[in-house]
Amino acid sequence: MHPISETPNAAAQTLFPLQALLLVKVLVALLWAVVLAAAPLMLADKWFPSSLLMLTGFVLFAALMAARRNRARLAGWLILAPMITCVFVLIAVGKGPLDEAMLTLPGLMMFASLFGNRRVYVSLLLAIAVLLGALALWHFQGWHVLPVSRVYPDTFATVIVILSATSYYVWLMASALRKTLAELETENERVRASLARIEVLAHHDALTGLPNRILARDRFERASTHAARNQTSAALLYLDIDNFKTVNDSLGHAAGDALLCDVAARLVKAVRAEDTVSRQGGDEFLIVVGDITDEDAVASIAVNIVETLARPFQINGLGVTATCSLGVAMYPGNGTDYDTLRKHADLAMYQAKEAGRNAFRFFDEEMNTNVVEHLHLISAMRSALANNEFHLHYQPQFSLADERIVGAEALLRWQHPEMGLIPPARFIPLAERSGLIVEIGAWVLQEACRQAKAWQADGLGDLVIAVNVSPVQLRRDGLEEALRSSLARVDLPAHYIGLELTESMLLADSRPLRDKLARLRAMGLHLSIDDFGTGYSNLSYLKQFDVESLKVDQSFVRRMASNNNDEGIVRAIVQIADSLKLDAVAEGIEDAQTLQNLNAMGCRFGQGFHWSPALPPDEFLRFVQERA
Ligand code: C2E
Ligand code: MG
Ligand code: MG
């Protein structure tokens with residue numbers, strides 16, 4: 001028999017919280033009742049019933065202890081079994097159906113209905129009927145005559161009927177109560193589950209499941225408090241995926257999301273279990289590292305992260321490279337509050353990006369100064385266009401076999417009235433980051449077209465002017481329009497202009513990008529891939545895009561005479577170009593030996609200081625005319 005719960009297994013030992021509370025209260029009340037009932041019996045020297053009651057009291061006390069320890073099943077038995085025994089004995093040895101102990105039976109029935117199941121309740125009712133029946137039999141057979149005068153056979157029957165009717169009513173009430181409690185409990189469970197879900201949502205990123213900004217801040221507070229107490233350090237690592245936008249734009253948002261989830265999973269594995277990886281939004285992650293004794297420990301975590309992410313990811317069956325740049329700020333060395341440290345880690349991350357990406361940097365105070373300088377440069381750039389501070393210089397490009405000039409690369413120069421000549425490596429990344437490159441790039445196109453047309457008038461012939469196009473420009477929609485209007489303005493056929501695109505732009509196969517490049521090709525423009533060899537090793541994209549030439553990055557070409565590895569790389573790129581029926585253009589040719597080697601490899605075009613650096617237009621004109 002299972003006195004407490006409807007469910008017959010052991011797990012059903014628990015009661016609803018309200019039931020458990022009731023059980024404890026009932027037990028306390030019963031204990032008082034037993035004590036109050038036993039006391040006058042003791043005073044009246046009625047030792048048998050009073051000792052029986054005292055014994056019951058002890059058992060009830062044990063039941064109370066069991067109930068308090070959540071052992072509902074045991075508590076139920078400890079109440080029902082001795083109570084029933086005690087009451088039955090009192091009735092049997094007392095006045096039978098007219099005994100005062102009969103008054104406790106409805107209470108017991110109520111208890112069985114509330115805390116037991118149907119079987120307990122029916123068994124108890126039957127036990128009472130059997131006891132009264134047996135007593136009636138004993139009494140009227142004369143085996144055990146009850147010490148009462150007015151007891152008839154129908155007295156027993158009436159008592160049984162009254163008890164059954166009352167307890168049936170109690171049963172119905174108790175069932176209704178139990179049902180309501182069960183419903184309430186289910187509802188409570190649902191509310192608890194939603195609260196838990198809200199709690200998770202409020203503190204976690206919905207896409208990756210990582211802690212969000214709020215939780216990251218909280219974890220940092222804990223880590224820094226711990227570090228302060230133990231005189232150790234903590235660190236914030238700010239991470240940005242280098243080419244996330246390219247993946248997102250070219251493969252679509254679903255692929256971008258998949259990449260973020262994969263990155264999140266790798267990051268969690270790359271750090272220690274006690275560190276917190278959080279997503280700050282977009283492709284930015286913040287890692288809280290606590291309890292460290294020196295920078296070396298953080299450096300080894302950072303190395304681990306950079307290396308882990310450098311392995312290619314499989315997204316939609318494509319191998320995608322998603323390297324990261326990482327900035328580290330240390331507590332308490334680089335700041336003591338979260339906001340300062342986060343800002344410093346962010347700054348250090350930008351430094352890592354500027355240092356060529358796929359790297360990490362520790363924050364140092366100089367970086368703060370750099371930011372101010374960058375802001376200053378960006379604001380100066382805004383007015384530079386209007387003040388005519390930008391100029392284009394032209395570096396001649398040659399056919400290597402006969403050293404004939406076939407074109408020129410337009411390279412941007414910024415002549416600032418106070419800061420002097422600012423090299424493109426310093427301001428182009430800032431122009432890209434601030435979006436100013438779109439406006440500046442449009443000016444470059446217009447100026448290059450104007451110059452090309454002017455040189456035609458000067459009789460320079462079929463020179464192709466190559467213009468560098470930033471990924472930011474290519475991604476935006478205005479590029480084609482800017483080209484068309486620049487060409488139309490001076491009535492220049494498109495085949496006099498070439499566009500140099502960087503490898504990273506073409507990382508993944510993307511229909512919109514392919515279509516855009518196809519439209520540019522259809523206009524008649526020449527397309528080449530700049531700085532080839534420095535970006536991604538995934539060569540499959542080369543087949544997807546209709547480009548004409550690969551520009552071998554100058555870093556390999558410059559060193560090829562002195563370094564066998566670089567020579568090997570250049571040779572491989574020339575061969576790749578050849579087998580894909582593309583022209584190889586070597587940039588950075590600085591001496592005759594290199595020129596000779598390139599010629600021997602079959603590289604057809606090139607540019608470099610061997611002939612000339614980029615020149616202002618009038619000098620370029622003279623240069624070409626002198627060689628004619
Ligand atoms: P890039 O497109 O790879 O341009 C070639 C760079 O190599 C130029 O640097 C050029 O002066 C340099 N160079 C050429 N031959 C030699 C050589 O023999 N030895 C050495 N040491 N260097 C050589 P520059 O003009 O400083 O431009 C740097 C980068 O800035 C360019 O690299 C290009 O990515 C970017 N850039 C320049 N102008 C523009 C522009 O109008 N728009 C955009 N988006 N980027 C530009
Ligand atoms: Mg270039
Ligand atoms: Mg280049």
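Numbering of ligands and ligand atoms starts at 1, following listing order.
There is a side-chain donor-acceptor pair under 3.5 Å between T594 and D591. The closest side-chain donor-acceptor pair between Q395 and E409, if any, does not fall under 3.5 angstrom. At a cut-off of 3.5 Å, with distance as the only test, a side-chain donor of T323 or D242 sits close to an acceptor on the other residue.
Contact annotation for I428 and ligand 1: only side-chain heavy atoms (C-beta onward) come within less than 4.0 Å of the ligand. The side chain of R413, and not its backbone, has at least one atom closer than 4.0 Å to an atom of ligand 1 (non-hydrogen atoms only; side chain from C-beta on). Contacts of A614 with ligand 1, taken as heavy-atom pairs under 4.0 Å, are absent altogether. Neither the backbone nor the side chain of I440 comes within 4.0 Å of ligand 1, counting heavy atoms alone. Residue V467 does not touch ligand 1, judged by heavy-atom distances below 4.0 Å. Heavy atoms of R558 found under 4.0 angstrom from ligand 1 belong exclusively to the side chain. The proximity of L412 to ligand 1, defined as any non-hydrogen pair under 4.0 Å, involves the side chain as well as the backbone.
Within the set L392, N468, I437, the minimum heavy-atom distance to atom 33 (C) of ligand 1 is found for N468. When the options Q395, H393, E587, E590 are ranked by their closest heavy atom to atom 14 (C) of ligand 1, first place goes to Q395.
Annotation for A577 and L550: closest pair CB-CD1, 3.9 Å, computed over non-hydrogen atoms. Shortest non-hydrogen contact noted between Y394 and A408 is CB-CB, 4.1 Å. Minimum interatomic distance between V406 and F398 (heavy atoms only, all atoms of both residues): CG2-C, 4.0 Å.
Taking 4.0 Å as the cut-off between side-chain N and carboxylate O, E284 and R213 do not count as a salt-bridged pair. Note on E619 versus R622: no salt bridge recorded, every NZ/NE/NH1/NH2 to OD/OE distance being 4.0 Å or above. Salt bridge status for R558 with D566: absent, with no side-chain N to carboxylate O gap under 4.0 Å.
Taking a cut-off of under 4.0 Å to the non-hydrogen atoms of D531, the atoms of ligand 1 that pass are 3 (O). Below 4.0 Å from some heavy atom of P424 lie the following atoms of ligand 1, by number and element: 24 (P), 25 (O), 26 (O), 27 (O), 28 (C), 30 (O), 37 (C). Less than 4.0 angstrom separates some heavy atom of V444 from each of these atoms of ligand 1: 41 (O). Heavy-atom contacts of I589 reach the following atoms of ligand 1: 18 (O) (cutoff under 4.0 Å). Atoms of ligand 1 found under 4.0 Å from any heavy atom of G608, numbered from 1 in the order shown, are 15 (N), 18 (O). Annotation for ligand 1: atoms under 4.0 Å from non-hydrogen atoms of Q554 are 6 (C), 7 (O), 12 (C), 13 (N), 20 (C), 21 (N), 22 (N), 23 (C).
Within the coordination shell of the Mg ion (ligand 2), defined by N, O or S atoms under 2.8 Å, D530 is present. Between the Mg ion (ligand 2) and E587 there is no N/O/S contact shorter than 2.8 Å.
Counting heavy atoms of neighbouring residues, nucleotides and ligands inside a 6.0 Å radius, atom NE2 of H376 does not exceed 12 of them.
Nearest N/O/S atom of E500 relative to the Mg ion (ligand 2): this is OE1. When the Mg ion (ligand 2) is compared with the N/O/S atoms of E409, atom OE2 turns out nearest.
Using a 30° and 60° split on the angle between ring planes, F427 and W414 fall in the perpendicular class, above 60°.
Any N or O atom pair closer than 3.5 Å counts here, and F609 shares at least one such pair with ligand 1. Between A410 and ligand 1, a contact under 3.5 Å exists for no N or O pair. Backbone and side-chain nitrogen or oxygen atoms of E409 are examined, and one is located within less than 3.5 angstrom of a nitrogen or oxygen of ligand 1.
Judged by a 6.0 Å distance limit and a 45° cone about the ring axis, R342 is not positioned over the six-membered ring of F220.
The CD atom of Q415 sits 8.5 Å away from the CD1 atom of I422 when rounded to the nearest 0.5 Å.
Heavy-atom separations between E432 and ligand 1 are all 4.0 Å or longer. Distances shorter than 4.0 angstrom do not occur between any heavy atom of G441 and any atom of ligand 1.
With sequence neighbours left out, N564 forms a side-chain contact (heavy atoms from CB on, under 4.5 Å) with no residue at all.
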